[in-house]
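Just so it is clear: chains get the letters A, B, ... in the order the sequence lines come, proteins before strands, and each one is counted from 1.
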2 protein chains.
Amino acid sequence: MQKEITIYDLARELKLSPATISRGLKKSPALNKTTVQRILAKAEEMGYRHNNFASSLRNKRTQTLGIIVPRLNSYFMTSILAGMEDVASKEGYDLIISQSLEKMELEKSNASTMFNKRIDGLLISLAYTTTDIAHIQPFFDKQIPVVFFDRSFPGVESTSVVIDNYQAAYKATTHLIEQGCKKIMHLTGNLTRDIYADRLKGYKQALEENKIAFDEKRVLVSTLNEQDATTAANTILAMDAEQRPDAVFCANDLSAVYCMVHLKQHGIKIPDDIAFAGFNNDAVSRMIDPNLTTIDYPGNKIGEVAVSCLINLLKGDESVKNTNRIILHSSLLIRESSLKKK
Amino acid sequence: MQKEITIYDLARELKLSPATISRGLKKSPALNKTTVQRILAKAEEMGYRHNNFASSLRNKRTQTLGIIVPRLNSYFMTSILAGMEDVASKEGYDLIISQSLEKMELEKSNASTMFNKRIDGLLISLAYTTTDIAHIQPFFDKQIPVVFFDRSFPGVESTSVVIDNYQAAYKATTHLIEQGCKKIMHLTGNLTRDIYADRLKGYKQALEENKIAFDEKRVLVSTLNEQDATTAANTILAMDAEQRPDAVFCANDLSAVYCMVHLKQHGIKIPDDIAFAGFNNDAVSRMIDPNLTTIDYPGNKIGEVAVSCLINLLKGDESVKNTNRIILHSSLLIRESSLKKK
DNA sequence: TTGTACGCGTTATCAT
DNA sequence: ATGATAACGCGTACAA
């Protein structure tokens with residue numbers, strides 16, 4: 001490893017002081033325009049690169065934001081990240097991304113790693129299995145701003161960027177009812193995650209408004225993975241004609257698709273026998289036959305808003321400090337999977 | 001932000017020197033066992049956290065590896081990352097992950113960011129549009145080890161962890177031929193990416209061995225995204241019975257699925273009219289009807305091997321330096337999309 | 001407008 | 001087995 005160029009090297013070459021170089025590299029307005037130009041030119045010429053460590057050591061700031069997500073494998077997540085990356089880079093922040101793989105344990109260790117890396121702020125969407133947020137406490141204690149997105153925690157006093165899950169679920173369920181469905185099953189995730197609790201509420205509300213009795217046995221809680229969705233499908237197949245639902249509203253597209261695939265293999269016609277609605281507008285929703293009715297919400301926007309928020313908090317913007325819930329708009333995309341032939 | 005605990009604070013409390021504390025925190029064998037214990041206990045008690053910046057500043061090492069991937073949205077990619085994460089964390093390295101979104105420009109800027117962050121080593125899978133690797137040169141110049149995985153660059157003198165794309169494509173094509181297909185189309189990506197060039201070679205070889213004339217018009221090069229796959233489907237639909245292929249071998253599952261979906265919508269029967277084979281064993285390959293025949297290869301393993309390799313290079317292991325191509329095994333998964341009814 | 005000088009927290013070297 | 005010291009590269013208070 002050959003020697004790195006430092007501000008001292010530039011100083012020597014230009015017969016200026018290191019302090020001036022330091023200022024010049026940041027285009028300090030206190031400096032002579034031409035001096036700044038000379039410094040930048042020389043830096044370029046000599047291949048100078050800014051040393052983040054030395055800088056962070058002085059500033060006690062890393063210009064790095066940490067992101068913890070459940071999984072990176074959905075289009076939805078990657079568009080959130082794209083939105084975050086966009087705003088962050090414009091503001092001069094770098095991102096460190098890690099996955100909890102839906103496990104609280106991993107979420108804890110990721111949070112701890114990021115804490116030790118001294119990220120300036122944290123963006124987090126909670127894992128299925130996260131039951132408390134003690135692992136976030138160190139950030140709160142050190143006044144490091146935290147923004148929750150998508151999956152937040154009930155009662156947390158941090159900012160959250162979310163959608164109105166209640167409304168979205170209400171719309172989807174109402175739509176299924178309008179198609180003539182009366183026995184609507186709801187396949188959802190851990191109800192301690194507020195997004196799922198809210199979706200359940202919306203589902204219930206739609207039933208109630210249409211005078212359909214809520215039946216607890218029609219709500220299946222699972223981790224929404226392939227296996228659980230297949231199990232759900234088998235549960236449905238095992239039901240007699242009386243019990244069997246005429247529609248399923250799933251809390252995400254993937255579980256809806258896995259469930260549909262298994263039912264189709266066993267001769268169930270979709271949407272005629274059972275109509276389907278999902279959530280997230282994943283790419284698969286348009287690959288499956290019939291295309292899946294789903295809830296679309298803007299991943300990019302969520303990412304952008306969450307990071308803007310965080311950066312405002314870092315700047316000490318008081319007005320943001322008091323806004324602790326930002327709700328973005330979502331919409332119902334009606335496709336064939338829920339359109340019963342009349 | 002309250003004050004951080006440093007080794008000086010620990011030193012004062014324990015009436016030891018900072019140097020001893022530093023050694024103790026790393027469990028130096030030169031120290032008295034009991035001293036080490038006292039130091040660790042006190043550190044814990046006072047809430048000491050190691051300061052990476054100060055440490056990196058001294059060591060000129062960051063214990064961080066950079067990863068640049070085209071996209072994070074496939075199961076294949078996330079399993080590679082999981083494998084990488086696994087080995088890296090065991091060896092005490094952190095990861096910084098970024099996406100090129102298949103664009104060379106973004107890949108360049110990501111590489112530059114990582115270079116400036118002074119990562120200790122780089123893991124990269126090239127974007128579709130990457131035509132040269134001048135942006136990697138700074139790493140070579142500074143002797144920062146680089147390992148290519150999955151998508152490498154022809155003639156590069158770095159280590160690559162790949163699969164035998166030639167063999168895999170050969171097997172897939174041969175399988176299609178065995179099903180009685182004679183007019184096999186190949187839908188692939190940019191041929192400057194060696195994985196695609198190799199797959200094309202394997203495809204050609206299989207044709208040749210079966211005395212089927214190679215027809216250039218049957219090879220469609222694209223970026224393999226949704227739009228291109230749909231365009232390919234339209235191209236097929238526009239062909240007359242004579243020209244129209246009886247099978248399509250796609251260089252990835254996603255494009256195969258998009259293509260199939262569009263053809264199905266236009267009344268083409270799969271596999272009877274046109275058989276399909278993909279590549280990667282993505283989750284969608286088992287969601288689509290009929291299930292997609294594909295090439296499976298172990299993402300986890302690729303990730304693990306690539307990181308082990310990189311870490312060995314960092315340790316100055318000469319034996320690794322000379323191995324510059326590690327080829328992992330892949331296998332053909334036969335599913336309904338390619339099984340013609342006899 | 002530019003320079004001087006010190007400190008950020010850690011660790012390698014040398015000394016004890 | 002432990003201590004003293006310098007150095008890593010940068011930024012800033014203070015001085016000029």
- [ ] Take the protein atom CG of A:N52 and the nucleotide atom P of D:dC8, then report the distance between them rounded to whole Å.
- [x] 18 Å
- [ ] Mind running a 4.0 Å heavy-atom check of residues 6-14 of chain B against DNA chain C and sending the residues that fall below it, in number order?
- [x] B:T6, B:I7, B:Y8
- [ ] Identify, with sequence neighbours excluded, every residue that meets salt bridge (Lys or Arg N to Asp or Glu O under 4.0 Å) alongside A:K117.
- [x] B:D94
Open item on the list: From CG of B:L57 over to C1' of D:dC8, roughly how many Å is that when rounded to an integer?
Closed with: 4 Å
Task: B:I68 side chain reached by B:I97 side chain, heavy atoms, under 4.5 Å - done: no
TODO: Find out whether A:L25 and A:H50 are in side-chain contact, i.e. whether some heavy atom of one side chain is under 4.5 Å from a heavy atom of the other.
DONE: no
TODO: May I ask you to verify if any side-chain N or O of B:K60 is less than 4.0 angstrom from the OP1 or OP2 atom of D:dG9?
DONE: yes
Task: ring-ring contact (aromatic ring centres under 6.0 Å, His included) against A:Y128, all qualifying residues, sequence neighbours excluded - done: A:Y196
- [ ] Give B:S56 one of three labels, base, sugar-phosphate or nothing, depending on what nucleic acid heavy atoms sit under 4.0 Å from its own.
- [x] nothing
TODO: Not counting sequence neighbours, which residues clear side-chain contact (heavy atoms from CB on, under 4.5 Å) with A:E45? List them please.
DONE: A:K42
Task: All salt bridge (Lys or Arg N to Asp or Glu O under 4.0 Å) counterparts of A:D9, not counting sequence neighbours - done: A:R12
TODO: Return the value, rounded to whole Å, for the distance between atom CD of B:Q63 and atom C1' of C:dT10.
DONE: 14 Å
- [ ] Please determine if B:E4 and A:K60 form a salt bridge, counting it only when a charged side-chain N lies under 4.0 Å from a carboxylate O.
- [x] no
Open item on the list: Holding to ring-ring contact (aromatic ring centres under 6.0 Å, His included), I want the full list of residues that pass it with B:F115, two or more places apart in sequence or in another chain.
Closed with: B:F139
What side-chain donor-acceptor pairs closer than 3.5 Å can you find for residues 82-92 of chain B, not counting sequence neighbours?
residue, atom, partner, partner atom, Å
B:S89, OG, B:E85, O, 3.1
B:S89, OG, B:D86, O, 3.2
B:E91, OE1, B:K315, NZ, 3.4

Task: Residues in contact with DNA chain C, drawn from residues 16-23 of chain A - heavy-atom cutoff 4.0 Å - done: A:L16, A:S17, A:A19, A:T20, A:R23
Open item on the list: The criterion is ring-ring contact (aromatic ring centres under 6.0 Å, His included); which residues satisfy it with B:F53, sequence neighbours excluded?
Closed with: none
- [ ] Round to a whole Å and report the spacing from CZ of B:R58 to P of D:dA7.
- [x] 10 Å
Open item on the list: A:F153: which residues meet the ring-ring contact (aromatic ring centres under 6.0 Å, His included) condition with it, sequence neighbours left out?
Closed with: none
- [ ] Please report, rounded to the nearest Å, how far the P atom of C:dC8 is from the CG atom of A:N51.
- [x] 18 Å
TODO: Please report how far the helix from C:dT1-D:dA16 to C:dT16-D:dA1 bends, comparing the axis fitted to its first five pairs with the axis fitted to its last five, to the nearest 10 degrees.
DONE: 30°
- [ ] Start with the C-alpha gap between B:M114 and B:S98, add the side-chain angles, then the distance that decides, and say whether side chain to side chain contact (heavy atoms under 4.5 Å, CB included) holds.
- [x] CA-CA 9 Å; B:M114 293 193 169; B:S98 78; 3.7 Å; yes
TODO: Take the protein atom CZ of A:R61 and the nucleotide atom P of D:dT12, then report the distance between them rounded to whole Å.
DONE: 8 Å
Open item on the list: With the threshold set at under 4.0 Å for non-hydrogen atoms, list the residues of residues 25-34 of chain B touching DNA chain D in residue-number order.
Closed with: B:A30, B:L31, B:N32
- [ ] Quickly work out the A:N59 CG to D:dT12 C1' distance and round it to whole Å.
- [x] 10 Å
Open item on the list: For a 4.5 angstrom cut-off between non-hydrogen side-chain atoms, does A:F149 reach A:V69?
Closed with: yes
Open item on the list: If you assign A:K15 and A:R118 each to the DNA chain C nucleotide with the nearest heavy atom, which residue ends up on the more 5' nucleotide?
Closed with: A:K15
- [ ] Please confirm whether the backbone N or O of B:R325 pairs with a side-chain atom of B:S160, one donor and one acceptor, at under 3.5 Å?
- [x] no
Task: Side-chain N or O of A:T35 closer than 4.0 Å to phosphate OP1/OP2 of C:dT1 - done: no
Task: Value in whole Å for how far the P atom of C:dG9 lies from NE2 of B:H50 - done: 13 Å
